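Reviewing the structure listed below.
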Protein chains: 2
Amino acid sequence: MADSEGGRPSAAAAPSDLKLDDYLPYRLSVAANAVSGLIARAYQARFDLTIPQWRLIAVLGEDGLSTQQALCARTLMDKVTVSRASAALVERGLVLRTPNASDRRSHRLALTPEGAALYRQIAPSALAYEAKLLTQFSPLEQQVAMKLLRRLQLAAIDLSGD
Amino acid sequence: MADSEGGRPSAAAAPSDLKLDDYLPYRLSVAANAVSGLIARAYQARFDLTIPQWRLIAVLGEDGLSTQQALCARTLMDKVTVSRASAALVERGLVLRTPNASDRRSHRLALTPEGAALYRQIAPSALAYEAKLLTQFSPLEQQVAMKLLRRLQLAAIDLSGD
DNA sequence: ACCAACAAGTTTCATTTGTAACTAAATCGA
DNA sequence: TCGATTTAGTTACAAATGAAACTTGTTGGT
């Protein structure tokens, strides 16, 4: 067993007691991974959609017409990601691109009737997943959690430029 | 402006009111992305470590000796990821591999003195980041959030096998 | 003892992801 | 009205990721 340098297990307690299991960025990453994986597998298997594709459908279903640039702002995804996801959805006939008269660099995107039908099918399933994940948490706890997630995001973005 | 087809925004409200902004898997993913990005950039710039590498150092700093398999279980990372991160750390002289007498397929990993020194340097900085992210939240709120993250992870894993 | 099943780690390969470079169009200033 | 800068979106390329195959070693049944 060893421990060639000290008397006790060779690792001393962390300077100010860092425990990975209780470290928020770690917990957040692991939890998000688990949830994303679950959702990704579900949508892949049932609807053959990736998460970026699903997000675009969700936003187009909510907001109606949009441009890719607006979708980037709305979903916080990279413009390359949005470009690729849009192309795939257009290809599958779920999204329609029409020229944007007021700016010929961009296009207007909207769900086709098929896309809208898919949206109406997916949305309840998405909400059901969320409900299953959130069982055991009171509305108040859920509110605290959502608030924390939003705040973490802002704080992280904020700290990025220091 | 515009809206070339109807009187109102062309998208109706979602079936049971799905709002992406309030959808937990989405919020979780976005928050985790922002936080991971922040941490990743910080450790890359200051210590030239990836997140997997940093996690291994954290666990080895906490626990002392370990095998890769144990590190996989502990960090919830893939064995390929752990293998590559270990190789890089050994290469840099931060981690030492010694043969495992009781099982010659595996090796024992531990921080070298340099690795331990780096750990002692990084840990306070990691805690400082966490503290900055968590300003504005009471200890109680933090506890709720941590509990929720753990529970979400378990629920997601649970739902994966249904 | 032996062979089948299994486990630790590594390597290979295909997919995903994001950064940077690029094209085309709009805007802004002189 | 022209050229410089900025923006929408795509393409090209490089790095990260993970599944599957592989290697080496262990274990358990007969």
Side-chain angles (χ1 to χ4, degrees), chain A residues 29-30 32-34 36-41 43-45 48-56 59-60 65-91 95-110 157 160, chain B residues 2 29-30 32-34 36-41 43-45 48-56 60 65-91 95-110 157 160:
Chain A
S29 165
V30 168
N33 249 355
S36 279
L38 172 71
I39 303 280
R41 280 189 301 276
Y43 291 172
Q44 187 66 54
D48 195 28
L49 292 175
T50 65
I51 287 197
Q53 289 167 11
W54 143 245
R55 281 187 190 169
L56 293 193
V59 170
L60 291 174
L65 283 180
S66 191
T67 63
Q68 289 183 200
Q69 177 238 355
L71 290 170
C72 288
R74 192 77 170 66
T75 62
L76 303 177
M77 298 190 295
D78 195 86
K79 67 180 178 174
V80 177
T81 305
V82 170
S83 172
R84 290 197 265 239
S86 301
L89 293 174
V90 168
E91 171 76 21
V95 164
L96 191 68
R97 301 176 96 122
T98 56
N100 185 344
S102 64
D103 185 339
R104 286 184 307 165
R105 288 171 302 180
S106 75
H107 324 96
R108 293 171 170 277
L109 302 185
I157 290 169
S160 290
Chain B
S29 166
V30 168
N33 247 358
S36 279
L38 172 71
I39 303 282
R41 279 189 301 276
Y43 291 171
Q44 186 66 55
D48 194 30
L49 291 176
T50 65
I51 287 198
Q53 288 167 12
W54 143 244
R55 282 188 188 169
L56 293 194
L60 291 174
L65 282 181
S66 192
T67 63
Q68 289 184 200
Q69 178 238 355
L71 290 168
C72 287
R74 193 77 170 65
T75 62
L76 302 177
M77 298 191 295
D78 197 85
K79 67 179 178 174
V80 177
T81 305
V82 170
S83 173
R84 291 197 264 240
S86 300
L89 293 174
V90 168
E91 172 75 20
V95 165
L96 191 68
R97 300 177 97 122
T98 56
N100 185 344
S102 63
D103 185 339
R104 286 183 308 166
R105 288 170 304 181
S106 74
H107 324 96
R108 292 170 171 279
L109 301 184
I157 290 168
S160 290

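Model, not experiment: these values are computed from the prediction. Sequence lines set the chain letters: A, B, ... in the order given, protein chains first and strands last, and positions in each chain run from 1.
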From the 5' end of DNA chain D to its 3' end, which nucleotides mark the outer limits of contact with chain A, defined by a 4.0 Å heavy-atom distance cut-off (strictly under)? dT7(D) to dT11(D)
Is Asn100(A) touching bases, backbone alone, or none of the nucleic acid, heavy atoms closer than 4.0 Å? nothing
Side-chain N or O of Gln68(B) closer than 4.0 Å to phosphate OP1/OP2 of dA8(C): no
Within the structure, does a side-chain N or O atom of Ser83(B) lie under 4.0 Å from either OP1 or OP2 of dT10(C)? yes
Using heavy-atom distances to pick each residue's nearest nucleotide on DNA chain C, tell me which of Asp103(A) and Val82(B) is more 5'. Val82(B)
What are the two closest heavy atoms between Ser160(A) and Arg41(B), and how far apart are they? OG-NH2, 2.9 Å
Among Leu56(A), Val95(A), Thr81(A), which residue meets the side chain to side chain contact (heavy atoms under 4.5 Å, CB included) test with Ser86(A)? Leu56(A)
Step by step, work out the side-chain contact (heavy atoms from CB on, under 4.5 Å) result for Thr75(B) and Val30(A). CA-CA 9 Å; Thr75(B) 62; Val30(A) 168; over 6 Å; no
If the test is side chain to side chain contact (heavy atoms under 4.5 Å, CB included), which one of Leu96(B), Leu71(B), Thr67(B) qualifies with Leu109(B)? Leu71(B)
Would you mind classifying the nucleic acid contact of Thr81(A) as base, sugar-phosphate or nothing, using non-hydrogen atoms under 4.0 angstrom? sugar-phosphate
Looking only at heavy atoms, the pair that brings Leu76(A) and Ala73(A) closest together is CD2-O, 3.7 Å
Please compare Thr50(B) and Arg97(A) by the position of their nearest nucleotide in DNA chain D and report the one closer to 5'. Arg97(A)
Can you find a side-chain donor-acceptor pair between Arg55(B) and Ser29(A) that sits under 3.5 Å? yes
Output the rounded distance in Å from NZ (Lys79(B)) to P (dT12(C)). 15 Å
From C-beta outward on Gln69(B), which listed nucleotide comes closest to its side chain: dA8(C), dA26(C), dG18(C)? dA8(C)
Nearest-Å distance for atom pair CG/P, residues Asp78(B) and dA7(C): 16 Å
Just grab all the salt bridge (Lys or Arg N to Asp or Glu O under 4.0 Å) pairs involving residues 68-88 of chain A, residues at least two apart or on different chains. Glu62(A)-Arg74(A), Asp63(A)-Arg74(A), Arg74(A)-Asp21(B)
Select from Asn33(A) and Arg84(A) the residue whose nearest nucleotide in DNA chain D is closer to the 5' end of that strand. Arg84(A)
Can you identify which nucleotide, out of dG18(C), dG9(C), dA26(C), has its nearest atom closest to the Arg105(A) side chain? dA26(C)
As a test of reading the structure: which of dG18(C), dA25(C), dA21(C) is closest to the side chain of Arg104(A), going by heavy atoms? dA25(C)
